[in-house]
Every structure is written in structure tokens, then in C-alpha cells.
Amino acid sequence: MTALRLYNTRTRRKEVFEPLEPGQARVYTCGPTVYAPQHIGNLVAYLFADQLKRALLAEGLRVTHVINITDVGHLTSDADTGEDKLEKQAAATGRSAAEIAAQYTAQWKRDCERVGCLEADVYCKATEHIAEQIELVRTLEAKGYTYRIDDGIYFDTSRFPHYAEFARLKLDEQKAGARIGDVPGKRAPADFGLWKFASPGVKRQQEWDSPWGRGFPGWHVECSAMSVKYLGANFDIHTGGVDHIPVHHTNEIAQSECALGIHPWVRYWMHTEFMELRGEKISKSKGHTLVLDDLAARGFEPLAFRYFVLQAHYRQQQTFSFEALEAAATGYGRLLLQAMEVRDAPGEADPERIAPLRERFRDAVRDDLNAPQALALAHEVARDSALPAPERRALLLEFDAFLGLDLARAVPRQAESESDPAIDARVAEREAARTARDFARADRIRDELAAEGIAIEDTPSGPRWRRSR
RNA sequence: GGCGGCGUAGCCAAGUGGUAAGGCACGGGACUGCAAAUCCCUGAUCACCGGUUCGAAUCCGGUCGCCGCCUCCA
């Protein structure tokens, strides 16, 4: 029996996963910054975390999963300049920062649920953990890791010798001037804000009192403060997008390890690659705002998007296109249909017969979450007519605990029949013509309906229709 | 300029030393009055050049192309 192996960014290797506490895994996922809608690229990160969680559960582990919601302090630049994203959005729309955060948090949660993500145990907001963040900064200050400049309290990266290790940074070789608008007084470009002072004369919607004066926390502090609060000073896995490696996670590690005196603070770091659109990263700042509802508007159900994502490995950039999504949707529909066919088959599965296929599936999942291989095996089982229906059913349902494709659902989209009096009448009219062997008339009615986007399917139990895309 | 990743059939993509998963599309077949839906069958020597090896898509070197990070984004 193989063990669950995960690719650890920290060591750049696949490693056997061993939780700190036997039987219990603790996972923290870097969640959304809720100043704008979460697009389908963002969703990929949560779908990855969901794969991880399901794989851990399949190993029989209890999983405590925490996701943060960034609703303050995320500036438009990581160089500690620029505006706070929430404040900026509030100013632009005339709405309150809290209102904006609530709206996009709800949208994000709903979309995660629609693509089949299991709920997290804790969703924690940065604004509700200001005291914890201040406490963390105080600890760092007491240990001498901070310095104060006009703009705020900063972390002194020169005090942390391991700073460049995690992201394998070569700080002195990074392009000079790449950081635009650096903060005056910062001792090194990599130093980052822990507590930012509210600018004199500027009234922020979100600001709090602190030992250093009124202001707001730096973006990185929240993750350190909240993860430690809910998962303990030392926990198992921290996930996020690959873009977080050089700055956000590097800074989290610096402040956490210095404050806690633990190394490694988090044992396994896992990162998702980006989904590409038209040959480039899907990015809010490039005007890409494709959201799940946009896919739904084109007739794609959310789980078809999940199926699409499962087709590629999480550490591989995947190219999104509607053509590719269409292919995924079709494949998913057929898989559902095949699963439905064996759903009510009488009889029990023979354990001996199931075992080898079950092991192959587990091996795929255990090899750093190889979802594409796992999915391929599901297809293999689904269409293997040599395998009795009870065996197929048992395997597919078991596979679905990881895939999350709702293979147990009663009615796949393909088998759905819609109802509309006007259309039903014309379908009946065509059926009458067919019975009378007036095929010219029958075909004319079918063509007319097709022109309106209605597809007729003749089945042994009579005709049915559905709207085609 | 520095660092990292990728380049597998028309498309989305697994595989990382032993002779190319899976999905979709295309083509053929079954079924159908004809279609649709469904089912079955069918395709690639793995960007290019050179090297290591009994053997490479898989290792090494080089070339070309693409993507990401270094500056907000999962």
C-alpha cells in the first residue's frame, strides 16, 4: 500500500504526508480578497484545496480546514504603496467597505458550493481579528524584529536569516527599479508593513486604534494571526496560488517563525498553478472577470467546470477556452449517464473484484493528487461493460468521494425532459405527422424548433426535447 | 536582467528511463423513416538539434517558442 505523497513547495519535493497529530490534518487556505467578484481562475485555487481535503478524508484523517477572508489591508501594490482595495472600491461605488466585502464574500461562498467544494470548518475575516494581529506585531516588536517609519511599523527582513530560502529568492539580483514607488524610510525593499498608519487628514472607513496609533494591519499579518489562532502555532498544510510564494507566504513565514520561534512553522506548503485564458493568466487587473455565472449563462453547469479543472493536474497551468469547457461538459454528461445506468442495479459488489481498481484509483490520488488519472479511471470503470453493474456502481460512488462530481445524482442533464405547453404541442404535432408517415411535415416542425434552439430526441418511450446550447 | 515552469494527436491533457492514460472533436459502424441522443471502432513517437544508455517523450547540453514571478491578482 502506498502512502499519500504531496508536493511540498518548501522542499521542492514530493513527500509522504505525516500529520503532526496522528489521525488529524490541519489545513489553512489563503482565501479571497473580497473587493471584487471572484472569477473562475480564483475558483481553481479553492477547487484545489477541495481536492486536497477530500484526499485527506479518503485517508481516514479528520480534517480541520480554515479559510481566511481578506476584507481589509490588501493594498493595490505589495510594495506597501497604493490604496487599500476595499477602501478604493468603496470610494468608487459610494458604498461601504463592509457592504462590498459582504457582497463578494457571499458570491464567493456560493460559487465554491456550486462547484462542489466541501465547506470549511472556519471562515475567518481579517477585520474580526484585529486584536490578534496587533498582538502578533507587539510580539515581533518586543523581540526586536520591527522598526517604525512615518508610514507604519515594518518588519526588518535582515533580522531573519532564512528570509530568502522559501522562495529561493536572490534579493540582490532582482531587477532594480522593479518596485515602483517604494516607501521612503524602508531599510530594504523586501521589508514589509505590519501596521500601517492612517494618513493624516484621510478618514478611512476601516481603521483601528493600536499601541502605535490609529491605522490598519498589513496584509500578511492576518494569515499568521488567524492560522495560529485556529490551527495552533505549528500546523500541517498551508495552501495558496503560486503567486503567493515570493511575497505573501515568504512574509508570513518570516513574521510567524520570528514571533513563534518555530521552524518550520508550517510543514507542507502547497501551491496551485494558474489557469490561462487566451494564452495569459486570468487576471482581474487585465480586465478578465469571467465568473461562474457567465458560464452558467452559456448553459454550462458549475460541476462541468469542476470536471474541466479535474482534467489537469493542480501544479500545471491549464488553458481555459469555451471550446475546452464544451468538451468537458459533454464528457461529464456522458459519465453521469453511465453512472445513472448502474445506479439502481440489483446486487452487491464483489469486494475481490473491486479491490484492484480501488487501489489504482487510490494510487492516483496519493501521487500528489493526480486528478486527471483518477478521472480517467472513473471513465474506464463507467464504460467497462465486462464489469457487473453493482461493481461499477460501488466504484463510481467511492471515486466520487474524491471527484465530487455528484455521480449519485438522480437525473443527469442529458436525461432531463423539459415542459412548455407551446413546445409540447408542436412536438405532439410532429409525432402525429410521423405516425401518419408524413415525414416532410414532421421534419419541417423539427427544423423550426431547431431554429429556435430546441432539440428533439426520439426515445423508445416517446419524444422529448431540450434546449441546445 | 534574475528566478521558475512549460512545449505530448484538431482541442483540454496524464505519463518523467522500457517501447504513448482519459475526455472532446473528426471519420467509420450500430440504432433511426431521416436525424438527434446513445453505444462500438478508429488517430500521435511526444517543439527542434546533438549526446548519455541495450533502450528516452522521460536524463544531459544547445536552439526556438510560450507562460509565470521579481509590481495588485488564486
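Order of the sequence lines fixes the chain letters, A, B, ..., with proteins taken first and strands second; residue numbering starts at 1 for each chain.
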Visitor: Which value, in whole Å, describes the distance between the P atoms of nucleotides B/rG2 and B/rA21?
Guide: 40 Å
Visitor: Applying a 4.0 Å non-hydrogen cut-off, can you work out what A/His271 is touching in the nucleic acid: base, sugar-phosphate, or nothing?
Guide: nothing
Visitor: If we take the C1' atom in both B/rC11 and B/rG43, what is their distance in whole Å?
Guide: 14 Å
Visitor: What is the nucleic acid contact for A/Arg360, judged by heavy atoms within less than 4.0 Å: base, sugar-phosphate only, or nothing?
Guide: nothing
Visitor: Taking atom types as they are modelled, would you say the side chain of A/Asp443 forms a donor-acceptor pair with the base of B/rA35 within the 3.5 Å cutoff?
Guide: no
Visitor: Select one nucleotide: of B/rA74, B/rG23, B/rA37, the one nearest the side-chain heavy atoms of A/Gln311.
Guide: B/rG23
Visitor: For B/rG43, which nucleotide is its Watson-Crick or G-U wobble mate, given both distances must be under 3.5 Å?
Guide: none
Visitor: Counting side-chain heavy atoms from CB outward, which of B/rA74, B/rG15, B/rC34 is closest to A/Gln373?
Guide: B/rG15
Visitor: Remember a base hit wins even if backbone is also touched, and classify A/Tyr307 as base, sugar-phosphate or nothing at under 4.0 Å, heavy atoms.
Guide: sugar-phosphate
Visitor: Please work out if A/Asn370 contacts a base, only the sugar-phosphate, or nothing of the nucleic acid, heavy-atom cut-off 4.0 Å.
Guide: sugar-phosphate
Visitor: Would you kindly say whether A/Arg95 and A/Gln103 are connected by a side-chain donor-acceptor distance under 3.5 Å?
Guide: yes
Visitor: From B/rA14, B/rA74, B/rG33, pick the nucleotide closest to the side chain of A/Arg430?
Guide: B/rG33
Visitor: Quick check, are the ring centers of A/Tyr154 and A/Trp195 under 6.0 angstrom apart?
Guide: no
Visitor: Would you mind classifying the nucleic acid contact of A/Glu273 as base, sugar-phosphate or nothing, using non-hydrogen atoms under 4.0 angstrom?
Guide: base
Visitor: Looking only at the side chains, is there a donor atom on one of A/Asp71 and A/Thr127 sitting less than 3.5 Å from an acceptor on the other?
Guide: yes
Visitor: Identify which one of A/His248, A/His249, A/His238, A/His244 satisfies the ring-ring contact (aromatic ring centres under 6.0 Å, His included) criterion when paired with A/His271.
Guide: A/His249
Visitor: Once you apply a heavy-atom cut-off of 4.0 Å, does A/Ala324 come out as touching a base, just sugar-phosphate, or nothing?
Guide: sugar-phosphate
Visitor: According to the Watson-Crick and G-U wobble definitions, with both distances under 3.5 Å, which nucleotide is paired to B/rG4?
Guide: B/rC67
Visitor: Counting distance alone, no hydrogens or angles: does the base of B/rG5 have a donor or acceptor under 3.5 Å from a partner atom on the side chain of A/Arg315?
Guide: no
Visitor: Less than 3.5 Å apart, any donor N or O on the side chain of A/Asp111 or A/Gln107 sitting next to an acceptor on the other?
Guide: yes
Visitor: Which of residues 378-396 of chain A sit near RNA chain B, with a heavy atom under 4.0 Å from it?
Guide: A/His379, A/Arg383
Visitor: OP1, OP2 of B/rA25 versus side-chain N and O of A/Arg334: anything below 4.0 Å?
Guide: yes
Visitor: Within the 4.0 Å heavy-atom criterion, would you say A/Gln338 contacts the bases, only the backbone, or no part of the nucleic acid?
Guide: sugar-phosphate
Visitor: What distance, rounded to whole Å, do you find between the two P atoms, one in B/rG5 and one in B/rA9?
Guide: 22 Å
Visitor: Scan every strand shown for a Watson-Crick or G-U wobble partner of B/rC54, both distances under 3.5 Å, and answer none if you come up empty.
Guide: B/rG18
Visitor: Report the base-pairing partner of B/rG61 (Watson-Crick or G-U wobble, both distances below 3.5 angstrom), or none.
Guide: B/rC49
Visitor: In the strands shown, is B/rA37 matched to any nucleotide by a Watson-Crick or G-U wobble pair with both distances under 3.5 Å, and which?
Guide: none
Visitor: Does NZ or CZ of A/Arg267 fall inside the cone over A/Phe235's six-membered ring, less than 6.0 Å from its centre and within 45° of the axis?
Guide: no
